[in-house]
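Here is the structure we will look at.
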Amino acid sequence: MALSDHVNLETFMEGVRKRNPGQTEFIQAVQEVAQDIYDFISDKVEYHEAQILRRITEPDRIVSFRVCWEDDNHNIRVQRGWRVHNNNAIGPYKGGIRFHPSVTESVLKFLAFEQTFKNSLTGLPMGGAKGGANFNPRGKSDSEVMRFCQSFMTELYRHIGPDTDVPAGDIGVGGREIGYMFGQYKRITNRWEGVLTGKALEYGGSQMRPEATGYGAVYFLRNMLEHRGEDIEGKSAVISGSGNVATHAAEKITQLGGKVITLSDSDGFVHDPDGIGQEKIDWVKHLKTVKRGRISEYVDEFKSATYHEGKRPWGVETDLALPCATQNELNEDEAKKLVENGCAAVSEGANMPTTLEGVKVFHEAKILYGPGKAANAGGVAVSGLEMSQNSERITWDEERLGDMLTNLMRGIHEKCTRYGDTGDGYVDYVKGANIAGFKKVADAMLAFGVV
Ligand code: NDP
């Protein structure tokens with residue numbers, strides 16, 4: 001079959017839309033990748049003949065299940081849980097679990113799809129998956145969260161395993177939830193095995209795992225800036241979110257001499273022109289993970305700050321921006337505002353936080369833009385190293401893991417520049433990440449034949 005006989009990008013996307021009706025997040029994620037892959041494979045008949053892109057956009061399987069639990073008032077509650085196995089060509093499925101009311105099959109399919117490329121980029125042997133439930137942990141007691149996690153794992157345990165699928169945390173799933181789920185897995189199977197990552201250090205967790213995503217996003221930012229002969233020192237940074245990724249990104253920016261001026265949650269953002277330094281970051285970590293409070297409380301504690309109810313932080317003047325909350329939290333107008341205000345670089349701690357139109361604005365303005373699948377890969381990379389430590393029955397020290405994370409992020413940056421160099425000194429990191437991530441998975445799939 002000649003190359004000209006294969007469907008063009010438009011027809012391909014039409015098929016994706018038809019097969020996945022209403023799944024806007026998934027279609028958006030495929031659209032963003034397909035353009036670059038089509039350019040890359042335009043002269044490569046083997047990928048077309050084997051229908052590689054078509055196969056990667058069809059998850060290996062999706063498990064959907066009922067999760068029943070009892071709240072503190074003895075009401076029976078019913079949630080829906082999922083695990084999406086997107087692709088395991090290069091290693092066991094791997095990807096986080098998200099508990100948030102906005103979780104749908106479309107959101108998890110987009111995340112599992114992105115995860116496939118991200119995991120490939122790390123160079124470690126990990127396939128792509130994602131899971132979660134439309135459960136809102138906000139306002140729930142520890143006992144309620146425990147009962148929910150146990151019920152969720154009572155089904156999920158059938159579909160995971162150290163060589164099959166190794167989930168981790170994500171939005172709404174931190175150390176507490178991983179502990180409850182790991183405990184239930186162990187109770188049901190009577191096996192202690194490295195089936196989840198993001199575990200606490202006492203039972204098989206890895207040093208640097210909590211820090212890895214946020215720190216990694218800042219290392220990626222530093223790599224991008226260095227490529228242009230600049231660095232982070234003395235620069236201001238606007239960060240969204242106030243969870244695991246946001247607070248650790250803020251910590252690393254501060255350590256490297258930058259000044260963080262915003263943090264947010266789903267209700268609004270705080271702007272602290274004096275800077276959110278280490279002491280304040282520690283206060284926010286405690287607020288979010290122990291007190292389980294809201295970011296609005298920051299202004300009661302730190303008088304230099306203002307709170308902006310119902311707003312996102314992208315209108316604040318800044319040199320650097322790190323979206324670290326959720327998908328589609330930065331739109332075209334907000335991207336324009338950032339560029340107008342002189343923002344020089346964006347590094348995504350969250351997954352797909354910038355809309356397709358927003359990404360276009362960054363590219364047209366030729367500012368540095370590191371997409372989540374590259375910039376936030378540090379988290380899953382250290383999760384991969386947690387798996388290695390569990391298999392070896394050994395723990396590595398913080399220094400070694402810190403060095404490995406720095407090197408992994410540098411490696412990802414190099415892969416992006418290799419495939420994303422536009423020839424005029426600008427690097428299209430989206431294109432670089434998409435092609436480098438795709439190539440490894442695609443070549444493995446070619447080797448397997450039609451399966
Ligand atoms: P957390 O649950 O620790 O924190 C999430 C933060 O984002 C909270 O401040 C939350 O506010 C805010 N948020 C959530 N939903 C929305 C929304 N719809 N609008 C505005 N703000 C929102 O999650 P993480 O920090 O772990 O994850 C953040 C992002 O990073 C996600 O996109 C995740 O997929 C991505 N990521 C995480 C990794 C990890 O290792 N944890 C790895 C790679 C990517 P509120 O308290 O109001 O809900």
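Heads up: numbering here begins at 1 and tracks the sequence. As the structure is a prediction and not an experimental result, all values here were calculated from the model. As the structure lists them, so they are numbered: ligands from 1, and atoms in each ligand from 1. For the numbers below, each heavy atom of this structure counts, side chains included, while hydrogens, waters and symmetry mates do not.
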Parallel, tilted or perpendicular: ring planes of F302 versus Y298, cut at 30 and 60 degrees
tilted
Structural part of R138 in contact with ligand 1, heavy atom criterion under 4.0 angstrom
side chain
Would you say the side chains of N87 and T116 form a donor-acceptor pair under 3.5 Å?
no
In ligand 1, which numbered atoms sit nearer than 4.0 Å to a non-hydrogen atom of G241?
9 (O)
Between the main-chain N or O of G127 and the side-chain N or O of N119, is there a donor-acceptor pair closer than 3.5 Å?
yes
Of G243, G379, A325, the residue with the heavy atom nearest atom 28 (C) of ligand 1 is A325
Under 3.5 Å, is there a donor-acceptor pair linking the side chains of S383 and R209?
yes
For G174, state whether at least one heavy atom is located under 4.0 Å from any atom of ligand 1.
no
In W69, F99, Y157, F135, the residue satisfying ring pair (Phe, Tyr, Trp, His ring centres under 6.0 Å) with F152 is F99
Hey, looking at atom 46 (O) of ligand 1, which of Q327, R294, K373, R312 has the closest heavy atom?
R294
Just heavy atoms, cut-off under 4.0 Å: does R209 contact ligand 1 by side chain, backbone, both, or neither?
side chain
Mark the output for K288 as yes if a heavy-atom distance to ligand 1 is under 4.0 Å, and as no if none is.
yes
K118 versus N351, side-chain donor and acceptor atoms under 3.5 Å:
yes
Measuring from the heavy atoms of S264, does anything fall under 4.0 Å of ligand 1?
yes
Going by heavy atoms, is D267 under 4.0 Å from ligand 1?
no
Contact list for residues 266-292, test salt bridge (Lys or Arg N to Asp or Glu O under 4.0 Å), sequence neighbours left out:
R138-D267, E251-K285, D265-K288, D267-R294, D272-K280, K291-E297
Per-atom contacts, ligand 1 versus R98 - under 4.0 Å to a heavy atom:
31 (C), 32 (O), 33 (C), 34 (O)
Does M352 come within less than 4.0 Å of ligand 1, judged by its heavy atoms?
no
Should N434 and K439 count as side-chain neighbours, where that means a heavy-atom distance under 4.5 Å?
no
Where ligand 1 meets S242 - atom numbers and elements under 4.0 angstrom, heavy-atom basis:
9 (O)
Measure T213 to ligand 1 on non-hydrogen atoms and call it side chain, backbone, both or neither using the 4.0 Å cut-off.
side chain
Numbering the atoms of ligand 1 from 1, which are under 4.0 Å from a heavy atom of A350?
29 (C), 30 (O), 32 (O), 35 (C)
Run the contact test for C324 against ligand 1 with a 4.0 Å cut-off on heavy atoms, strictly below, and give the result.
yes
Quick check on contacts: which atoms of ligand 1 are under 4.0 angstrom from a heavy atom of H100?
15 (N)
Using only atom types and a distance under 3.5 Å, with no angle test, would you say the side chain of S391 pairs donor to acceptor with the backbone of M387?
yes
Does the S347 side chain pair with the main chain of A217, one donor and one acceptor, at a distance under 3.5 Å?
yes
Hey, are E193 and K186 close enough for a salt bridge, meaning a charged N less than 4.0 Å from a carboxylate O?
no
Can you tell which of P353, S266, G132, G96 gets a heavy atom nearest to atom 21 (N) of ligand 1?
S266
Taking only non-hydrogen atoms of T326 and a 4.0 Å limit, the atoms of ligand 1 in range are 15 (N), 16 (C), 17 (C), 18 (N), 19 (N), 32 (O)
